[in-house]
Structures are given as C-alpha cells and as structure tokens.
Amino acid sequence: MKSLVRDPIDVSKLAEAVSSNHLGASTTFVGSVRRGPEDGPVQAIEYTAYEEMAEAELARIVSEATERWPEVELAVQHRLGLVSVGEASVAVVAGAPHRAQAFEACRYVIEELKKRVPIWKKEVLDGGVERWREDGADAEGKR
Amino acid sequence: MKSLVRDPIDVSKLAEAVSSNHLGASTTFVGSVRRGPEDGPVQAIEYTAYEEMAEAELARIVSEATERWPEVELAVQHRLGLVSVGEASVAVVAGAPHRAQAFEACRYVIEELKKRVPIWKKEVLDGGVERWREDGADAEGKR
Amino acid sequence: MHAPYETAGMADAHITVTCRLFARYAETVGLEECELELPVGATVREAVASLRRVVPNGSSIPEQPLVALNKQQVLPDHVLLDGDQLGLLPPLAGG
Amino acid sequence: MHAPYETAGMADAHITVTCRLFARYAETVGLEECELELPVGATVREAVASLRRVVPNGSSIPEQPLVALNKQQVLPDHVLLDGDQLGLLPPLAGG
C-alpha cells in the first residue's frame with residue numbers, strides 16, 4: 001500500500017489491512033487538520049513532500065519498528081495536497097498480539113514521521129491568504 | 001453513549017463521537033478476540049459483567065482521565081455476550097488537541113479498565129467446550 | 001434469592017448484607033445472590049468467611065477474593081453496615 | 001533545470017551535484033532544482049554556501065538548513081561525490 005496519498009484517508013480500510021485473527025490489539029493514531037483558536041482561521045492545509053525521500057523514510061521507520069517489535073504489523077498513510085479542516089492528514093495503525101506493543105509501535109512511527117519525513121504544510125486561511133507553517137522540527141525553526 | 005453494548009462495536013462511529021474541528025489528534029485502541037497459537041482453538045468469547053458496577057467504574061475512569069488531561073475527549077465501549085474471533089471486544093478513543101495527551105489518555109483508560117472493571121470472559125473452544133479465562137488481574141489468578 | 005442465612009447467633013445484634021456472585025463464582029456455588037446475617041461490626045473478610053461456610057460448595061471461593069462494596073472495590077478490613085451490597089468478583093478479565 | 005553554476009574555478013577538478021529545493025525554499029528562490037559544480041572533496045556545507053551565492057535570493061536560505069543526500073538526512077561535514085543528489089529541506093512539518 002502506498003504511504004503518500006492524494007485522496008482522503010480511509011482509516012477503517014487501513015486498520016483492516018493490519019487486522020488478522022492472531023492480533024488481539026490494535027492502536028490507531030489519526031492526525032487531522034484542526035481549526036484551533038491559536039491556529040487562527042485555518043480553512044485547509046496544503047501538504048507537499050519530497051516524495052521519493054518521504055516514501056523511503058516511511059519505509060525505514062516501519063522497518064525499524066518491525067525490528068524492535070517483531071510481532072507488530074504496521075500501516076501508515078500521509079495525505080498530500082489540499083486537506084480541509086476536520087479531514088485526516090495522517091494515520092498510523094499498529095496491530096499486535098498485545099496492547100503494549102501496539103501502543104509503543106504506533107507512537108514510535110508517528111514521532112519518527114514528524115521528526116524525519118520530508119513533508120511540509122502551507123496553511124490556507126479564511127480569505128485565501130496562504131502561509132508556510134513550520135513546526136520547528138529543525139533548529140532553524142526555533143530561532 | 002452506553003459503555004456496555006451487546007451489538008458489535010462500531011469503531012468509526014465511536015471515533016466520530018469524539019472528533020471535532022478543534023481536536024487535531026486521536027488515538028484509538030481496539031481489543032479483539034484472537035485465535036493465537038497459545039490460546040488454543042478459540043471460536044468465541046462470552047463476556048459477562050457486574051453491569052451496574054462496570055458502568056460506574058468506566059465512568060470513574062473516564063472522569064479521572066478527563067481531570068488529568070482536561071483537553072481530551074474520551075469514548076469507550078465494551079461488548080458483552082458472545083463475541084466471535086476477529087470481532088472487537090473493547091474500543092477506546094481519545095481525541096485531543098495534541099498527540100501526547102491522546103496517546104496517554106487512551107492508554108490510561110484501557111489499562112485501568114483491565115485492572116478495575118468487573119468483566120469476565122468464558123472461552124468457547126472448537127467443539128463447544130467452555131472454560132473461564134482469568135488473566136490474573138487478581139493476586140489469586142497468579143497463584 | 002434465598003432467605004437470609006443466619007450466622008450471627010444473636011438475633012438482636014446483627015446486620016443483613018446482600019451478596020452477589022459473578023461468573024465462575026456464581027457457577028461453582030450455583031447462586032447469583034444471597035443475603036447474609038452478620039454481627040454488628042463485621043468486616044468484609046468475615047462476610048466472605050461466613051459465605052464460604054453457609055453456601056453450597058462455598059470453599060470453592062477463595063478466602064480473599066476481590067470484593068466490591070456498593071459498586072467499588074473494597075479492602076478486607078472494611079466494616080460493613082446494614083443493607084450493604086457486596087459483590088464477589090473472580091479475577092477480572094475485561095478487555 | 002539550469003545549466004550547472006560553475007563555482008569550482010578549476011574545470012579539471014570538480015564534481016557536479018544536483019540540488020533540489022522544496023516548499024518555502026523553492027518558493028523564495030524561485031527554483032526547484034539546479035546543478036552545482038564544486039571542487040573535488042567539497043562538503044555538504046560548501047555546497048550549501050555555493051548555492052546561497054549563485055542562485056537568485058540565495059541568502060534567504062539558512063546557512064545550515066536540513067540537507068538530504070540521496071534521500072537520507074546528512075551532516076554538514078559529509079563529503080560529496082560526483083552525481084550526488086542533495087535536497088534542501090525547510091523545517092519538517094508532516095503529520
């Protein structure tokens with residue numbers, strides 16, 4: 001399954017991809033575009049990526065997690081293009097025989113994704129104004 | 001929403017119950033009946049509960065989590081009656097502005113549920129044999 | 001529902017508590033609920049001991065099971081009041 | 001795609017690397033990709049310095065941006081080889 005997608009993420013379908021009769025636990029993380037008070041009047045976010053590297057980095061992250069938690073099965077999707085408020089931008093599912101592994105592997109993937117996968121977002125505000133939104137994964141962003 | 005249910009758990013619907021435009025993160029845990037090699041030939045599990053106490057205990061757990069993570073919204077359902085292999089027996093959804101809270105609150109609820117909520121399971125094996133399955137949440141179970 | 005099992009010995013200084021049994025305990029004892037008469041000041045531990053003596057196959061219930069008092073888990077030394085509702089809980093297995 | 005910017009000075013001892021720019025960097029510089037000629041032995045840091053000099057509005061790119069070499073993040077002291085592909089990455093914001 002491709003990790004970078006331009007159509008809406010189907011979380012149920014992603015979860016089904018890692019469910020099987022020997023996996024009793026699954027943890028799903030979904031990140032979505034929010035319109036929080038501190039975010040200002042965000043209508044949507046446009047996601048872009050260094051696609052070849054992002055796919056490769058996601059594959060490396062999944063492979064690291066699978067090495068660390070061999071019983072876990074993982075699925076991850078990140079959306080590109082314009083994503084409206086309320087829609088999912090990213091989803092990670094970890095299926096495992098036991099819940100501790102499911103939680104840990106799911107958390108690992110989303111944390112590493114945020115740190116390492118080259119994806120960027122531009123906020124589209126009410127009125128059509130656009131601005132890059134950089135969370136400061138890089139030291140530069142903190143200056 | 002009632003926490004103890006006799007019909008299949010609709011995880012998407014449960015997740016929708018805690019999604020809103022100001023919550024950018026959601027973590028979902030789903031536990032399902034599994035047919036692992038060490039479990040033997042399990043066909044289904046029959047869940048029973050001390051229902052009044054289970055509802056009260058679940059409400060206390062959610063209330064504790066909401067006190068600890070005030071921005072988190074929670075939904076939890078546990079199924080009672082006969083649940084077949086592959087079907088969900090429990091689901092917990094935590095919606096939050098930020099992912100750390102969503103993971104922590106979701107984990108808190110499932111861990112406390114397992115420790116404190118009076119629910120029991122009887123395995124139905126191939127051939128119709130039944131046996132109580134006690135995980136050892138009580139000291140007695142460890143003896 | 002059985003009539004109260006009288007175990008107090010003195011009819012003028014006792015309390016009555018309801019005791020519910022669940023899952024495996026209900027199955028092995030063949031009862032889902034009973035009433036116990038106990039001396040004033042009786043603890044959870046004494047209620048369990050009494051129950052183990054008076055119900056059929058009572059010794060199949062452990063001496064220190066998980067016990068709920070009025071829908072919350074309670075410790076063995078807790079002193080009971082007239083009308084309390086006890087629940088005898090086999091090891092929990094939710095999830 | 002621009003023709004290589006020659007910055008090595010000596011035509012007989014240089015390497016050519018491709019440099020891709022993304023998101024805000026691509027926007028402020030007005031370029032998504034260019035080639036750089038660099039002296040043999042040049043590091044990532046030197047490639048970035050060269051890029052900042054030769055592309056339009058190059059100083060809008062920080063002196064030490066995140067850099068990927070052949071699809072993996074790399075440190076500034078890493079020595080480049082002919083044909084390497086660099087990516088200049090604004091602060092990541094996935095998720």
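Atom set for the values below is all heavy atoms of this structure, side chains included, hydrogens, waters and symmetry mates excluded. By convention in this document, chain letters (A, B, ...) are assigned in the order of the sequence lines, proteins followed by strands, and residues within each chain are numbered from 1.
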Nearest-0.5 Å distance, [atom1] of residue [X] to [atom2] of residue [Y]:
X	Y	atom1	atom2	result
B/Met53	C/Leu89	CE	CG	5.5 Å
B/Thr48	C/Arg24	OG1	CZ	12.0 Å
B/Arg116	C/Leu92	CZ	CG	11.0 Å

Chain C heavy atoms under 4.5 Å from [X]: which part of the residue, side chain, backbone, both or neither?
X	result
B/Ala91	neither
B/Trp132	side chain
B/Arg79	neither

Report task. Sort and list the pairs that fulfil side chain to side chain donor-acceptor pair (under 3.5 Å) and have at least one residue in residues 74-87 of chain C, not counting sequence neighbours. Result ->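 Of all non-adjacent pairs touching residues 74-87 of chain C, those that pass side chain to side chain donor-acceptor pair (under 3.5 Å) are B/Tyr50-C/Gln85, C/Arg45-C/Asp77, C/Asn70-C/Asp84.
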Query raised in the report: Side chains of B/Glu52 and C/Arg20: closer than 4.5 Å at any heavy-atom pair?
Result: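 They are in side-chain contact.
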Report task. Could you pull out the closest heavy-atom pair between B/Ser89 and C/Gly95, with the gap in Å? Result ->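 Shortest heavy-atom separation between B/Ser89 and C/Gly95 comes out as OG-O, 3.2 Å.
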**Report entry** C/Gln73 to B/Lys115 - nearest heavy-atom pair and separation
**Finding:**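 Heavy atoms only, the tightest pair is NE2-O, 3.9 Å.
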Query - ring-ring contact (aromatic ring centres under 6.0 Å, His included) contacts in which one or both residues fall within residues 71-92 of chain B, not counting sequence neighbours - result: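 ring-ring contact (aromatic ring centres under 6.0 Å, His included) check on residues 71-92 of chain B returns B/Tyr47-B/His78.
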Query raised in the report: Non-hydrogen atoms of chain B under 4.5 Å away: do they reach the side chain of C/Gln72, the backbone, both or neither?
Result: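 Both parts, backbone and side chain.
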Query raised in the report: Would you call B/Glu51 and C/Lys71 a salt bridge, taking side-chain N to carboxylate O under 4.0 Å as the test?
Result: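 Not counted as a salt bridge, because no side-chain N and carboxylate O are separated by less than 4.0 Å.
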Query raised in the report: Around B/Glu87, counting heavy atoms of other residues, nucleotides and ligands shown, do more than 12 lie under 6.0 Å from its CD?
Result: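 Count over threshold, so yes.
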